[in-house]
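Here's the structure we're looking at; comments come further down.
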Number of protein chains: 2
Amino acid sequence: MATNKQFHHGGLKLALLRAARDLLDEEGESGVGVRAVARRVGVSHAAPVNHFKDRRALLTALTAELIDDIRVDIENRLKTVSEDPVTRIETIANVFIDYGAHHPNRYSLLWRYDVVDHESEMMRSKSDIIYDFICDEIDKLTTGRNIDRDTIAIGLWSMLHGYIDLKIVGMFEDRADSVTGEDRPRALVKMFRTVLDNYGL
Amino acid sequence: MATNKQFHHGGLKLALLRAARDLLDEEGESGVGVRAVARRVGVSHAAPVNHFKDRRALLTALTAELIDDIRVDIENRLKTVSEDPVTRIETIANVFIDYGAHHPNRYSLLWRYDVVDHESEMMRSKSDIIYDFICDEIDKLTTGRNIDRDTIAIGLWSMLHGYIDLKIVGMFEDRADSVTGEDRPRALVKMFRTVLDNYGL
DNA sequence: TATAGATATTGACGCTGTCAATTATAATAA
DNA sequence: TTATTATAATTGACAGCGTCAATATCTATA
């Protein structure tokens with residue numbers, strides 16, 4: 001008979017993660033503290049230790065959740081799209097670019113190797129997931145040909161990540177732009193399209 | 001008659017910045033604290049406030065120094081190289097890639113908008129410097145032609161930054177590699193070369 | 001109903017950044 | 001020379017943080 005309230009919480013762990021995510025959105029990584037999260041949930045400052053041994057563990061669990069969200073997003077969008085690998089790559093790229101634009105603090109956290117434990121059991125399988133999506137499609141294009149799969153994939157993945165990251169930092173803000181801001185990502189994807197063309201893909 | 005020792009230090013400001021840089025290399029951004037820096041220089045915990053009003057100000061000043069170093073590096077390397085814009089772009093890229101590989105903590109700090117004040121007087125002129133180097137060369141290639149300068153520059157700059165950043169995070173570590181690690185950057189630069197070719201540059 | 005295990009609280013510790021008050025030094029004016 | 005002023009460093013305090021140990025509380029099981 002699952003009572004979903006024990007004495008102060010049904011699932012404190014879930015509540016903590018939800019609070020952590022909200023704090024991340026509002027204040028950035030530095031705002032996601034053990035005490036701050038506990039405070040927001042309305043629980044004592046040391047309560048989280050039962051579910052996350054560390055601030056590091058908390059941030060790592062949060063990051064794992066975020067990555068899962070992105071994975072689901074990509075999977076859903078890919079279902080609505082043709083089997084053409086290039087189209088699918090563009091789809092993946094767009095999901096990712098949108099994610100970075102709408103949730104800059106979440107995106108930045110994903111790559112903070114100093115506060116997130118990418119070697120943990122929870123993360124080891126996850127941190128490469130988005131990259132793997134890209135590789136899958138590149139594979140379809142390159143199988144049977146004498147082309148280095150990784151060079152293409154790393155090139156695309158690097159450009160994608162770099163663009164999102166630099167945009168979050170504010171690099172491209174006051175730059176004279178003959179291409180409007182919204183079309184810029186598309187221009188980059190199209191640019192990479194020419195790379196594939198060049199390799200005969 | 002400039003006595004270079006006042007009562008405890010000649011140039012405490014410089015010494016603090018030097019200590020900050022060392023701590024950054026050894027422990028990463030989180031290791032660069034006001035108190036830790038003061039401790040290393042051998043001065044009281046509140047001494048730095050006279051020269052840097054904040055931890056933020058300290059990190060910002062350090063970042064400004066690092067960017068200056070890179071600028072000097074690039075300028076020097078460009079002197080030893082032909083006037084061919086593509087060659088010069090490759091040179092810039094290589095300097096930057098090497099910097100990221102040898103000083104990962106320094107490179108990461110450059111883009112930490114949460115702890116570095118990129119809007120400060122000191123930074124406003126500096127944070128675009130490396131990007132400007134690239135733009136200068138792209139300009140030489142695109143002037144007179146109906147090609148969007150920024151799309152090319154942003155694409156290259158994004159790929160460059162993204163690759164360095166992802167490499168620091170450890171993304172490409174255990175990945176099957178038909179291209180050896182050292183040749184990877186060159187492969188990417190060459191890949192971008194094909195982009196330029198495609199635009200007829 | 002008693003016991004055991006999980007879960008939350010309380011209080012303490014050392015660390016941090018920051019500020020105010022104080023002391024020490026250096027440069028300048030009388 | 002001595003007195004004055006501005007600069008620079010010290011000391012001590014404060015609240016916040018992460019973490020740990022000891023304690024209290026609730027849940028489930030025997």
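Sequence lines set the chain letters: A, B, ... in the order given, protein chains first and strands last, and positions in each chain run from 1.
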Nearest whole Å is fine: how far is dT7(C) P from Asn50(A) CG? 7 Å
Can you tell me the distance, in whole Å, between the NE2 atom of His45(A) and the C1' atom of dA15(D)? 14 Å
Please, which pairs that meet ring pair (Phe, Tyr, Trp, His ring centres under 6.0 Å) have at least one residue in residues 84-108 of chain B, sequence neighbours excluded? Phe96(B)-Tyr107(B), Phe96(B)-Trp157(B), Tyr99(B)-His103(B), Tyr107(B)-Trp111(B), Tyr107(B)-His161(B)
Shortest non-hydrogen contact between Ala93(A) and Val189(A), atoms and distance: CB-CG2, 4.0 Å
Of residues 53-62 of chain A, the positions that come close to DNA chain C - non-hydrogen atoms, cut-off under 4.0 Å: none
Per-pair distances, 0.1 Å, donor-acceptor, side chain in residues 78-86 of chain B, under 3.5 Å, sequence neighbours excluded:
from, atom 1, to, atom 2, distance (Å)
Thr80(B), OG1, Arg77(B), O, 2.8
Ser82(B), OG, Asp84(B), N, 3.2
Asp84(B), OD2, Thr87(B), N, 3.1
Asp84(B), OD2, Thr87(B), OG1, 2.6

Specify the residues of residues 28-39 of chain B, ordered by number, for which at least one heavy atom lies under 4.0 angstrom from an atom of DNA chain C. Gly33(B), Val34(B), Arg35(B), Arg39(B)
In whole Å, I'd like the distance from the CZ atom of Phe52(B) to the C1' atom of dT18(C). 16 Å
Measuring from atom CD1 of Ile154(B) to atom CE of Met159(B), what distance do you get when rounded to the nearest 0.5 angstrom? 14.5 Å
Answer yes or no: is there a side-chain heavy-atom contact under 4.5 Å between Arg193(A) and Ile89(A)? no
What pairs with Arg71(A) under side chain to side chain donor-acceptor pair (under 3.5 Å), at least two apart in sequence or on another chain? Asp68(A), Glu75(A)
I need the CG-C1' distance between Leu23(B) and dC15(C), as an integer number of Å. 15 Å
The side chain of Ala47(A) is closest to which nucleotide in this list: dA8(C), dA21(D), dG12(D)? dA8(C)
Counting any heavy atom closer than 4.0 Å, what does His51(A) reach on the DNA or RNA strands: base, sugar-phosphate only, or nothing? sugar-phosphate
Quick one: list whatever passes side chain to side chain donor-acceptor pair (under 3.5 Å) with Asp139(B), sequence neighbours left out. Arg149(B)
Could you tell me if Ser120(A) and Asp117(A) have a donor-acceptor pair between their side chains, going purely by distance under 3.5 Å? no
